[in-house]
Amino acid sequence: MKSKISLLSQIDKYFNKDVFIGGKNEDKLPIEEFENLIKIFPNTHEISLYRQAKVTSVLKNYFDNIPDKEEGYKLYLNKKVPVYQSKLRKTFKDAEILKYETILEKLKNMLSNEVDYSEPQWQEEILQIILLLFPKYIAVFKEVRFNDVYNNKIRRLDYGLIDFMGNLDLVEIKIPFDKSIVSVSPYRENHIPNRDLSGTIMQIEKYIYYLNKTGRKGEKQLTEKYKKELPKNLEIKITNPNGMIIMGRDINLTKQQLSDFEIIKRKYKNIIDIFTYDDLLRRLEIMVVQLKKI
C-alpha cells in the first residue's frame with residue numbers, strides 16, 4: 001500500500017495560524033530551509049525501502065534465502081546528498097585553540113626552566129596537562145598503595161590514572177634535563193634505551209604484574225579508598241593496566257637514534273606508551289594547526 005505524505009500538511013500540524021515561506025514577514029520559514037526540508041523529506045520510495053528493510057531484518061533471523069533489503073535501504077540513504085553538515089567542532093574551535101595554545105606555552109616555559117621545579121612540582125604540572133590531552137582520564141590518584149600477594153609487601157605507585165569506565169592505568173613522569181632517551185653510542189649497531197628508560201619500563205611492568213595478581217580484592221580495596229573522588233557507583237577495575245611514560249627529549253637525536261627509539265616504543269606499545277616531551281610539543285602544535293583549518 002502506497003503512502004503519500006504532504007510536507008506542507010506536516011508543517012501545518014504544528015501551527016494554528018498562517019505560515020509564510022520566504023518573503024518579508026517577521027514570522028516566516030526561510031526559503032532555503034524549506035528547500036532543505038524538501039531534500040530530506042522521505043518520499044514514497046524511501047518509505048517503501050524502509051518498510052522492506054525492517055521486515056527482512058527480522059525474517060533473516062529465522063529463514064534462509066531472505067533478500068537483504070536492509071543493505072539496499074542503507075545504499076539508498078548513502079546516495080542522498082547530505083543537507084546539514086555538523087558544525088560541532090566549529091562551535092568549540094576558538095575555545096579548543098585557546099586551550100591547546102595555553103598548554104603549549106606552559107609546557108615550553110617549563111622545559112626552558114626545568115631547574116625551577118622539584119620533581120613533585122614538575123609531576124603535578126604534567127599531570128594537569130595529561131588530563132587535558134587525554135580526556136578519557138577523569139581522575140588521578142597520588143601514591144596508590146596495594147598489596148604484593150607474593151612478598152606480602154605494600155607496593156606504591158607514584159600516580160594512578162582512572163578512565164571513565166573505572167580502569168586503572170599507570171603513569172611515570174620524569175624531569176627531562178635534556179637527557180638523551182637512547183644511548184649516544186651504538187651497541188652492536190643499535191641505539192638502546194638509556195638506563196633511566198630501561199629502569200622505568202621494568203618498574204611499570206612489575207607494577208602491572210603485581211596489580212593483576214591482586215584480583216577482585218585489590219579492586220574493592222582501591223574503590224573503597226578512592227570512592228569519594230570517583231563518580232557515584234563507579235568501581236575501579238584492574239584489567240591488564242596500561243602504562244604511560246613521559247620522559248626525555250628527542251630533538252637532538254640523529255636519524256638512526258630516532259629510528260631505533262621508534263622500534264623501542266613499538267615494542268612496548270601493547271602495554272606502555274612512551275612519550276618524550278618533544279612528542280607532547282608536536283602533538284599540541286599539530287592539534288592547534290588542524291583546529292585553525294576548520
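Positions are given from 1, in the same order as the sequence printed here. Note that the coordinates shown come from a computational prediction; the quantities given were computed from them, not determined experimentally.
- Summarising the geometry, atom NZ belonging to K237 is positioned 9.5 Å from atom CD1 belonging to I162; distances are rounded to the nearest 0.5 Å.
- At distances below 3.5 Å, not a single donor-acceptor pair connects side-chain atoms of N190 with backbone N or O atoms of I192.
- Here T102 contributes atom OG1 and L107 contributes atom CG; the two are 12.5 Å apart, rounded to the nearest 0.5 Å.
- Heavy atoms of other residues, nucleotides or ligands lying less than 6.0 angstrom from CD of E189 number 12 at most.
- Between H191 and V184, the shortest heavy-atom contact is CE1-O, 3.2 Å.
- In this structure, the separation between CD1 on I66 and OG on S57 is 11.0 Å, given to the nearest 0.5 Å.
- A chain of hydrophobic side-chain contacts below 4.5 Å, direct or via other Ile, Leu, Val, Met, Phe, Trp or Tyr residues, connects I264 to I204.
- In this structure Y268 satisfies the ring-ring contact (aromatic ring centres under 6.0 Å, His included) test with no other residue, sequence neighbours excluded.
- Among pairs with a residue in residues 91-142, those fulfilling ring-ring contact (aromatic ring centres under 6.0 Å, His included) read Y117-W122, W122-Y277, F134-F275, F141-Y226, at least two apart in sequence or across chains.
- Taking CG of L291 as the start and CG of L98 as the end, the distance is 11.5 Å to the nearest 0.5 Å.
- Judged as a side-chain hydrogen bond (donor to acceptor under 3.5 Å, both in side chains), and not counting sequence neighbours, the contacts of Q52 are S48.
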Exercise for review: Would you please test K106 and Q128 for side-chain contact (heavy atoms from CB on, under 4.5 Å) and show each step?
Suggested key: CA-CA 11 Å; K106 172 69 174 178; Q128 296 302 310; over 6 Å; no
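- Follow the hydrophobic side-chain contacts under 4.5 Å out from I238 and you never reach M244; the two are in separate clusters.
- K93 approaches K292 most closely through the heavy-atom pair NZ-O, 3.5 Å.
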In a table with atom names and distances, give each donor-acceptor pair under 3.5 Å that connects a side chain of residues 246-255 to protein atoms at least two apart or in another chain.
residue : atom : partner : partner atom : Å
R249    : NE   : D278    : OD1          : 3.2
R249    : NE   : D278    : OD2          : 3.0
R249    : NH2  : D278    : OD1          : 2.8
D250    : OD1  : R282    : NH1          : 3.2
D250    : OD1  : R282    : NH2          : 3.4
D250    : OD2  : T276    : OG1          : 2.7
D250    : OD2  : R282    : NH2          : 2.8
T254    : OG1  : Q257    : N            : 3.1
T254    : OG1  : Q257    : OE1          : 3.4

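- Here M202 is tied to no hydrophobic group at all, with no ILVMFWY side chain closer than 4.5 Å.
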**Study point:** Stepwise side-chain contact (heavy atoms from CB on, under 4.5 Å) test for I126 and M110
**Key:** CA-CA 9 Å; I126 297 301; M110 288 178 65; 3.8 Å; yes
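- Of all non-hydrogen atoms in I173 and E119, the two that sit nearest each other are O-OE2, 4.3 Å.
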Point to revise | E96 and M287: CA distance, side-chain angles, deciding distance, side-chain contact (heavy atoms from CB on, under 4.5 Å) verdict | key: CA-CA 9 Å; E96 288 290 281; M287 292 173 84; over 6 Å; no
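- Hydrophobic clustering (ILVMFWY, side-chain heavy atoms < 4.5 Å, transitive): I236 and L211 are in one cluster.
- By the ring-ring contact (aromatic ring centres under 6.0 Å, His included) test, Y207 is found to be paired with no residue, residues two or more places apart in sequence or in another chain being considered.
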**Study point:** L281/L104 under side-chain contact (heavy atoms from CB on, under 4.5 Å): CA gap, chis, key distance, verdict
**Key:** CA-CA 7 Å; L281 290 174; L104 180 59; 3.7 Å; yes
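- A heavy-atom distance below 4.5 Å is not found between the side chains of K142 and Q123.
- Looking only at distances, a side-chain donor or acceptor of D68 sits under 3.5 Å from a matching main-chain atom of E71.
- Remark: side-chain polar atoms of S198 are not paired, donor with acceptor, to backbone N or O of R195 under 3.5 angstrom.
- There is a path of hydrophobic side-chain contacts, each under 4.5 Å, that joins Y210 to I201.
- E114 is listed as a side-chain neighbour of L111, based on a closest heavy-atom distance under 4.5 Å.
- In this structure, a donor-acceptor pair under 3.5 Å is absent between the side chains of E105 and N109.
- Under the 4.5 Å side-chain criterion, counting only non-hydrogen atoms from C-beta, K69 is not in contact with V55.
- Inter-residue side-chain proximity for K220 and E235 is flagged as unmet; no heavy-atom pair is nearer than 4.5 Å.
- Here CG of D169 is found 8.0 Å from CD1 of I208. Values are rounded to the nearest 0.5 Å.
- By the 6.0 Å contact criterion, NZ on K269 is open, its count of non-hydrogen atoms from other residues, nucleotides or ligands being 12 or less.
- Annotation for R216: atom CZ counts as buried by contact number, over 12 foreign heavy atoms lying within 6.0 Å.
- Residue I138 is grouped with residue V144 when hydrophobic side chains (ILVMFWY) are merged at heavy-atom distances under 4.5 angstrom, including chains of intermediate members.
- Rounding to the nearest 0.5 Å places CG of L197 at 5.5 Å from CD1 of I245.
- Remark: of the listed residues K228, Q221, K227, K227 is the sole one forming a side chain to side chain donor-acceptor pair (under 3.5 Å) with E224.
- Side-chain contact of K206 with Q203: a donor-acceptor pair under 3.5 Å is absent, judged by distance alone.
- For the pair P120 and Y159, the tightest heavy-atom approach, listed with the atom from each and the gap, is O-OH, 4.3 Å.
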